[in-house]
Amino acid sequence: MTPTRRTFLKAGGALVSALGFDLAPAYAQSRELRIARTTETRSTCPYCSVSCGIIIHTLGDRAKNVTPQVVHVEGDPDHPINRGTLCPKGSSLLQDIINPRRLMKPQVRRPGSDHWEDISWDQAIDEIAHLVKKTRDETFVEKDAQGRTVNRCEGIAWNGGCTDTNEFNYLVVKSMRSLGVCYLENQARV
Ligand code: SF4
């Protein structure tokens with residue numbers, strides 16, 4: 001019989017018990033050692049719309065001349081949505097925060113280019129503003145085919161992110177609607 005993941009884990013648990021090892025205290029001890037002297041920051045998992053609460057443990061916040069370092073992330077037991085649990089994706093959040101491949105700067109791939117290039121935040125804002133203005137000017141529709149006034153911008157779409165707050169989304173809706181943008185989606189959850 002081919003073992004399923006469930007039967008494999010069950011068999012593994014029985015083996016551990018048969019050998020007389022109880023790993024729970026060791027796991028608890030390792031967790032305690034990891035978060036000793038850390039500062040707790042409550043936050044929200046950024047991945048999906050379930051919005052599980054998390055606690056980020058940071059070392060070094062209180063010391064001068066020390067760069068704070070995130071050392072552990074776990075589910076928030078007081079959070080009404082997840083009550084301390086995290087799915088496998090949420091459980092890997094530490095690797096999302098501390099990752100040498102994480103993008104720390106805006107990047108742009110120019111038309112026809114085969115690679116991305118780093119640009120500064122100021123340059124990114126300037127270029128985005130320029131392109132928004134240009135696209136709106138080129139695609140704004142004042143009247144539809146029947147001559148009715150519609151005043152809409154059909155050349156721009158906005159897609160929000162899962163860590164956007166309600167307040168941020170409020171401003172997004174206000175600013176996008178003021179441009180006439182109709183294709184607008186966001187994920188209010190924080
Ligand atoms: S822990 Fe999992 S279920 Fe919860 S918000 Fe993150 S990705 Fe979604």
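None of these values were measured; they are calculated from a predicted model. We count ligands from 1, going down the list as the structure has it; atoms in each ligand are counted the same way.
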For the pair Arg110 and Glu127, evaluate salt bridge (charged side-chain N to carboxylate O under 4.0 Å, His left out) and give the outcome as yes or no after the intermediate values. CA-CA 12 Å; Arg110 306 285 176 200; Glu127 291 197 20; 2.7 Å; yes

Would Asp118 and Gln107 count as a side-chain hydrogen bond (donor to acceptor under 3.5 Å, both in side chains) here? Give the steps. CA-CA 5 Å; Asp118 289 348; Gln107 291 191 322; 3.0 Å; yes

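Taking backbone and side chain together, Cys52 holds an N, O or S atom under 2.8 Å from atom 4 (Fe) of ligand 1. At a threshold of 2.8 Å, atom 8 (Fe) of ligand 1 has a backbone or side-chain N, O or S atom of Cys48 nearer than that distance.
Every atom of ligand 1 is numbered from 1 in the order shown, and the set under 4.0 Å from a heavy atom of Cys87 is 1 (S), 2 (Fe), 3 (S), 7 (S). Using a 4.0 Å cut-off to heavy atoms of Tyr47, the atoms of ligand 1 that qualify are 7 (S). Ligand-side atoms of ligand 1 in range of Cys45: 1 (S), 5 (S), 6 (Fe), 7 (S), range being under 4.0 angstrom from any heavy atom. Close approach of ligand 1 to Ser51 is summarised as follows: ligand atoms under 4.0 Å from at least one heavy atom of the residue are 5 (S).
Tracing side-chain contacts under 4.5 Å through hydrophobic residues (I, L, V, M, F, W, Y), one reaches Trp158 starting from Val132; they form part of the same cluster.
Residue Thr38 forms a side chain to side chain donor-acceptor pair (under 3.5 Å) with just one option from His72, His57, Gln69, and that option is His57.
At least one heavy atom of Leu86 sits closer than 4.0 Å to an atom of ligand 1.
The NZ atom of Lys134 sits 10.0 Å away from the OG1 atom of Thr139 when rounded to the nearest 0.5 Å.
Residues Asn82 and Gly75 approach most closely at ND2-CA, 4.1 Å, considering heavy atoms.
No part of Pro46 comes within 4.0 Å of ligand 1, judged by heavy-atom distances.
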